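Basis for what follows: all heavy atoms, side chains included, without hydrogens, waters or symmetry-related copies. Being a predicted model, the structure only gives us computed values, none of them experimental.
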Amino acid sequence: MSWIAYPEDHPFPIQNLPYGAFKLNPDAEPRLGVAIGDSVVDLYMLAENNLVEDPIKGTWQKSTLNDFMALGKQHWQTARKTLQKLLSKDDATIRDNKGLRADCIHEQSQVQLVMPIFIRDYTDFYSSKEHATNLGKLFRPTAAPLLPNWTHIPVGYHGRASSIVVSGTNFKRPKGQTRPDDSAPPVYGQCQKLDFELEMAFFVGPKTELGSPIPVETAEDHIFGLALFNDWSARDIQKWEYVPLGPFLGKNFCSTISPWIVTLEALQPFRCKSVAQEPEVLPYLKEPGDGSYNINLAVTLTGKDASEPYTLCKSNHKYLYWTMRQQLAHHTVNGCNVNPGDCMASGTISGPNEGEVGSMLELTWNGTKPIKLANGEERKMLQDGDTVTMTGYCQGDGFRVGFGDCVSTILPADP
């Protein structure tokens with residue numbers, strides 16, 4: 001328990017302590033923080049008041065988490081123990097020092113959350129078997145839903161890091177080249193089939209050198225934490241461009257992450273059995289035990305004229321066929337080096353049950369089965385003014401570990 005009060009179902013209890021970055025005012029320099037209840041612990045001020053030792057101290061005085069992430073698992077664990085001690089109900093260091101408490105504890109409602117990580121590189125995987133199967137049925141109805149390589153390798157592609165934005169950042173409907181009529185030439189204009197994709201992303205900690213693969217057995221030592229990830233998709237642009245080299249302008253216009261990075265250590269109580277893999281994977285992908293996490297996910301849509309959000313779908317991180325350890329091991333097996341802050345997204349997370357699909361493409365079966373919202377409106381794909389909100393949490397015994405909201409509103413395209 002903590003001396004900072006919060007209800008039992010709050011996403012940010014002392015068992016969580018996710019990392020983020022914030023500004024005290026719009027003109028201020030970003031600082032690093034940790035969420036607990038409705039408060040933000042100011043890591044810069046903890047360092048300034050010598051409440052943490054080097055090398056952690058120096059990294060907490062930076063504006064992004066990259067240097068702290070680079071320190072590695074041992075220092076992450078030390079930092080977590082320090083924070084839990086300072087925030088525990090029996091520790092008076094900050095609790096009973098009025099001035100220190102005012103300097104170190106801020107209300108989340110009074111600060112501006114900003115991008116917590118400098119993301120140098122971004123890879124998007126395609127790791128949900130249900131999602132890949134659904135798309136295969138949609139676009140290759142006379143062929144096998146899964147391509148021959150899918151159950152042998154964690155398929156992925158290199159995305160665009162510059163257009164990853166933090167929750168609360170709205171974006172304009174993209175424009176591009178499409179071919180709505182297969183018998184006519186392509187046209188240029190606004191995307192007509194804008195979609196969300198329910199994903200999660202993990203972020204790399206310690207770097208590796210070029211030519212040094214990360215073994216699956218030690219891959220989690222390089223994973224700092226996770227966030228919610230909305231991989232916005234322009235389906236009509238993507239359809240016209242993706243052969244032969246895969247997604248390009250249909251994906252790189254915007255992706256949204258939640259502002260808090262939940263550490264892998266905070267998720268350990270929710271580790272669960274991985275999805276059975278058949279055929280047997282190659283030795284470099286064989287995991288040492290369970291590698292999945294039981295994270296409940298949901299997506300809501302609020303239209304510009306709606307009075308309340310409408311739940312589009314629910315899913316779970318544990319449904320992923322390929323785990324984070326396998327993704328990172330495969331990503332680096334050829335000697336590809338990684339750096340602190342590299343972002344690895346899961347791909348759309350769909351599940352085996354009704355209502356557990358992570359995109360409008362699947363929910364409406366490519367627009368052939370429109371969704372009727374609570375106010376009577378229909379959706380085949382997303383419209384201007386729609387706000388999409390993703391949430392995620394793990395349920396413990398008397399507490400939950402949450403990720404906060406991943407939210408953005410679609411703005412009209414430029415004329």
Which one of Asp414, Asp386, Asp384 satisfies the salt bridge (charged side-chain N to carboxylate O under 4.0 Å, His left out) criterion with Arg173?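 Output: one option passes, namely Asp384.
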Heavy-atom neighbours of [X] [atom1] exceed 12 at 6.0 Å:
X: Lys207; atom1: NZ; value: no
X: Lys57; atom1: NZ; value: yes
X: Tyr44; atom1: OH; value: no
X: Arg80; atom1: CZ; value: yes

I'd like to check [X] versus [Y] (side-chain heavy atoms, cut-off strictly below 4.5 Å). Are they in contact?
X: Asn230; Y: Ser408; value: no
X: Gln327; Y: Phe202; value: yes
X: Leu46; Y: Ile94; value: yes

Between [X] and [Y] (judged by ring centroids, cut-off 6.0 Å), do the two rings come close enough to count as a pair?
X: Trp322; Y: Phe125; answer: no
X: Phe229; Y: Tyr122; answer: yes
X: His131; Y: Tyr126; answer: yes

Do you know the tightest heavy-atom contact between [X] and [Y]?
X: Ala219; Y: Ile214; value: CA-CG2, 3.7 Å
X: Ser258; Y: Leu228; value: OG-N, 2.9 Å
X: Thr208; Y: Cys336; value: OG1-O, 4.2 Å
X: Glu199; Y: Ala345; value: OE1-CB, 3.3 Å
X: Leu146; Y: Lys129; value: CD1-CE, 3.8 Å
X: Asp67; Y: Lys62; value: OD2-NZ, 2.5 Å

Which distance, rounded to the nearest 0.5 Å, do you find between the [atom1] of [X] and the [atom2] of [Y]?
X: Met69; Y: Asn339; atom1: CE; atom2: CG; value: 11.0 Å
X: Asp38; Y: Tyr6; atom1: CG; atom2: OH; value: 11.5 Å
X: Cys394; Y: Phe399; atom1: SG; atom2: CZ; value: 9.0 Å
X: Ser128; Y: Tyr321; atom1: OG; atom2: OH; value: 12.0 Å
X: Thr263; Y: Phe203; atom1: OG1; atom2: CZ; value: 13.5 Å
X: Thr323; Y: His317; atom1: OG1; atom2: NE2; value: 9.0 Å

Any salt bridge between [X] and [Y], counting N to O under 4.0 Å?
X: Glu362; Y: Lys137; result: no
X: Glu241; Y: Lys251; result: no
X: Arg31; Y: Glu48; result: no
X: Glu280; Y: Lys286; result: yes
X: Lys85; Y: Asp91; result: yes

When you compare the side chains of [X] and [Y], does any donor N or O come within less than 3.5 Å of an acceptor on the partner?
X: Gln192; Y: Thr178; value: no
X: Gln238; Y: Ser233; value: no
X: Glu130; Y: Tyr319; value: no
X: Arg271; Y: Gln268; value: yes

Hey, can you tell me if Phe68 and Phe224 have their rings parallel, tilted or perpendicular (30° and 60° cut-offs)?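 Taking Phe224 first and then Phe68, their aromatic rings stand perpendicular (interplane angle over 60°).
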With Thr387 as reference, evaluate Asn170, Thr409, Thr302, Thr300 under the side chain to side chain donor-acceptor pair (under 3.5 Å) test and give the passing residue. Thr409
